[in-house]
Novice: 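Below is the structure I would like to discuss, written out as structure tokens.
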Protein chains: 2
Amino acid sequence: MTSLGGASEERGGELATASRIRDAAIVRFGRDGFRAGLRTIAADAGVTAGLIVHHFGSKDGLRRACDERVLEFMRREKKKALTDGTGTMLLAQMAQVEQFAPMVLYLLRSMQAGGELAAELIGHMISDAEAYLSAGEAAGVVRPSRDRAARTRYLAYQATGSMLLWFTLHGGDAEPEKFPALFRRYMEELTLPALELFTEGLLADRSMLDEYLMYVPDPPSASPNAADPDGTAS
Amino acid sequence: MTSLGGASEERGGELATASRIRDAAIVRFGRDGFRAGLRTIAADAGVTAGLIVHHFGSKDGLRRACDERVLEFMRREKKKALTDGTGTMLLAQMAQVEQFAPMVLYLLRSMQAGGELAAELIGHMISDAEAYLSAGEAAGVVRPSRDRAARTRYLAYQATGSMLLWFTLHGGDAEPEKFPALFRRYMEELTLPALELFTEGLLADRSMLDEYLMYVPDPPSASPNAADPDGTAS
DNA sequence: CGGGTGATTGAACAAGTGTTTAATCTGGTG
DNA sequence: CACCAGATTAAACACTTGTTCAATCACCCG
């Protein structure tokens with residue numbers, strides 16, 4: 001089994017049991033979703049169900065540990081590849097490395113299920129896009145928007161959501177070996193239409209936009225709000 | 001409880017039991033997801049769990065019946081509003097009608113879970129977009145693409161996926177009363193950035209697109225394939 | 001009215017779930 | 001060595017799940 005461990009968690013060449021359980025859980029949750037049973041995970045890790053709750057308190061505790069691990073991993077990996085690309089690109093790169101594929105799969109399952117990790121992740125995506133778009137705007141390669149925050153959220157939701165849906169439909173089996181290839185294919189299918197849309201747009205004239213701007217003339221209204229993942233209160 | 005029944009399924013003013021069960025299941029599945037138990041649905045419909053399997057054979061049979069019902073409903077409703085708008089717009093309209101909101105919620109749950117209905121639905125979305133884009137192209141309001149099929153799929157996945165993700169994060173509670181308002185807010189947040197992107201694009205110059213076209217010079221390659229929901233074999 | 005057919009129920013079943021508990025094993029410390 | 005704390009296990013527990021079964025109920029046809 002691939003070791004998802006970073007450092008300071010192994011002892012004498014073999015991982016500490018708790019970490020081994022957690023990593024097995026990430027793999028199994030990624031493959032089967034969160035309805036996977038404790039006994040299955042225990043068998044994967046070569047232990048008993050009781051031991052899992054001994055170490056993590058409950059199944060939810062185990063899930064929290066997985067969340068934290070994946071999140072920490074995301075942060076670490078983001079620093080390494082901060083220079084290039086949006087969040088989707090980052091995920092795509094990571095999914096190529098076979099060792100990291102389980103993490104990405106786990107992330108997809110989390111967004112499929114909703115919850116805190118998902119909210120935090122979309123928050124990351126949005127702030128990544130924010131930085132990326134701002135830099136591009138300053139450099140003159142990205143056109144300014146009438147409502148920058150809204151556009152940022154829009155783009156982040158589009159990119160993340162379409163990826164999630166695509167994998168929900170095409171990767172339902174979710175064998176982790178095929179996963180890197182799937183991800184590559186998704187990116188290949190995506191690139192041309194995305195680039196086309198981003199450079200040339202879709203509509204031939206401005207009438208629709210102008211009509212809307214006439215009808216609703218308050219784009220960048222209120223809104224600095226930090227409670228929600230994307231700054232939009234309910 | 002609101003009656004989701006069309007016609008020819010009621011008898012003497014009250015719905016036939018099987019239909020009542022099915023409709024209750026649609027509401028409950030939409031609210032709680034497919035992990036909802038048979039007994040809960042039975043209680044909602046005022047019957048016993050055993051009766052459900054007596055009528056539908058199994059829980060999966062019940063789900064199939066719900067799928068079929070929602071699909072038939074979609075087809076019927078699509079004919080009525082064929083003139084205007086893409087698939088997302090259609091869903092938005094339907095979600096406004098309180099009577100139809102449970103159906104839309106059920107659809108979202110289906111796409112969240114994957115499976116046949118989800119595949120068929122994204123197929124609808126794609127063929128809708130195909131018709132809509134072709135008409136627009138012929139009328140000169142939509143720019144042509146280097147790979148029309150790919151762009152169609154791309155746009156359908158973007159629209160559907162971002163909607164799905166948005167509701168997964170913001171509508172996790174999923175109280176069906178608040179649902180129409182949620183949907184309206186989603187559309188409001190979406191409209192300006194979408195129109196902007198569609199008419200003006202995102203990038204200021206063509207360099208990225210041209211570089212890509214230089215690097216990969218075979219856009220509309222093979223591909224008529226009907227096995228997959230979106231014409232892309234695995 | 002008699003009888004049969006389908007609707008409907010309540011209870012039981014078997015399998016699965018997360019969790020608890022008591023016992024055992026193991027390793028380090030006094 | 002004695003001893004204790006933590007790791008680990010196997011079994012049991014309480015609960016939910018989908019499904020089955022036998023019995024009852026209601027109604028229509030002859």
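Numbered from 1 within each chain, the chains take letters A, B, ... in sequence-line order. Keep in mind that the numbers below use all heavy atoms, side chains included, and drop hydrogens, waters and symmetry copies.
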Novice: Select one nucleotide: of dG18(D), dA7(C), dT9(C), the one nearest the side-chain heavy atoms of T48(B).
Specialist: dT9(C)
Novice: Within the structure shown, what part of the strands sits under 4.0 Å from H54(B) by heavy-atom distance: base, sugar-phosphate, or nothing?
Specialist: base
Novice: Consider the side chain of K59(B), meaning its heavy atoms from C-beta on, and name the nucleotide among dT8(C), dT19(C), dG18(D) that approaches it most closely.
Specialist: dG18(D)
Novice: Does the Lys NZ or Arg CZ of R109(A) fall within the cation-pi geometry relative to F34(A) - under 6.0 Å from the ring centre and within 45° of the axis?
Specialist: no
Novice: Can you measure L62(A) atom CG to dG18(C) atom P for me and round it to whole angstrom units?
Specialist: 10 Å
Novice: If only side-chain N and O atoms of T17(B) are considered, is one of them under 4.0 Å from the OP1 or OP2 phosphate oxygen of dT8(C)?
Specialist: yes
Novice: Select one nucleotide: of dT8(D), dT8(C), dG18(D), the one nearest the side-chain heavy atoms of L51(A).
Specialist: dT8(D)
Novice: Has the side chain of Q112(A) got a donor or acceptor atom that lies under 3.5 Å from a matching backbone atom of A113(B)?
Specialist: no
Novice: Could you check whether A18(A) gets within reach of a base, just the sugar-phosphate, or nothing at all, counting any heavy atom under 4.0 Å?
Specialist: nothing
Novice: Roughly how far, to the nearest 0.5 Å, is the CZ atom of R35(B) from the OG1 atom of T40(B)?
Specialist: 11.5 Å
Novice: Rounded to the nearest 0.5 Å, what's the gap from CG on L133(B) to CG on L155(B)? Could you check?
Specialist: 6.0 Å
Novice: For R35(A) and dT17(D), what is the distance between atoms CZ and P respectively, to the nearest whole Å?
Specialist: 16 Å
Novice: By side-chain contact (heavy atoms from CB on, under 4.5 Å), which residues pair with S134(B), not counting sequence neighbours?
Specialist: E130(B), R148(B)
Novice: For the pair made of CG in D60(B) and C1' in dT17(D), what is the distance, rounded to whole Å?
Specialist: 14 Å
Novice: Could you tell me how far apart F34(B) (CZ) and dT17(D) (C1') are, to the nearest whole angstrom?
Specialist: 17 Å
Novice: Between R20(B) (side chain only) and A45(B) (backbone N and O only), is there a donor and an acceptor less than 3.5 Å apart?
Specialist: yes
Novice: Could you give the CG-to-C1' distance, from L38(B) to dT9(C), as a whole number of Å?
Specialist: 15 Å
Novice: Using the six-membered ring wherever Trp is involved, compare the ring planes of W166(A) and Y186(A) and label them parallel, tilted or perpendicular (cut-offs 30° and 60°).
Specialist: tilted
Novice: Take the protein atom CZ of R39(A) and the nucleotide atom P of dA10(D), then report the distance between them rounded to whole Å.
Specialist: 13 Å
Novice: From CZ of R64(A) over to C1' of dG18(C), roughly how many Å is that when rounded to an integer?
Specialist: 14 Å
Novice: Show me the protein contacts with nucleotides 22-26 of chain D, counting only N or O atoms at under 3.5 Å.
Specialist:
none

Novice: Among the candidates dT9(C), dC13(C), dT19(C), find the nucleotide nearest to the side-chain atoms of V47(B).
Specialist: dT9(C)
Novice: Checking contacts here: which listed nucleotide (dT8(D), dA12(C), dA7(C)) is nearest the side-chain heavy atoms of H55(A)?
Specialist: dT8(D)
Novice: Between atom CD1 in I52(A) and atom P in dT20(C), what is the gap in whole Å?
Specialist: 14 Å
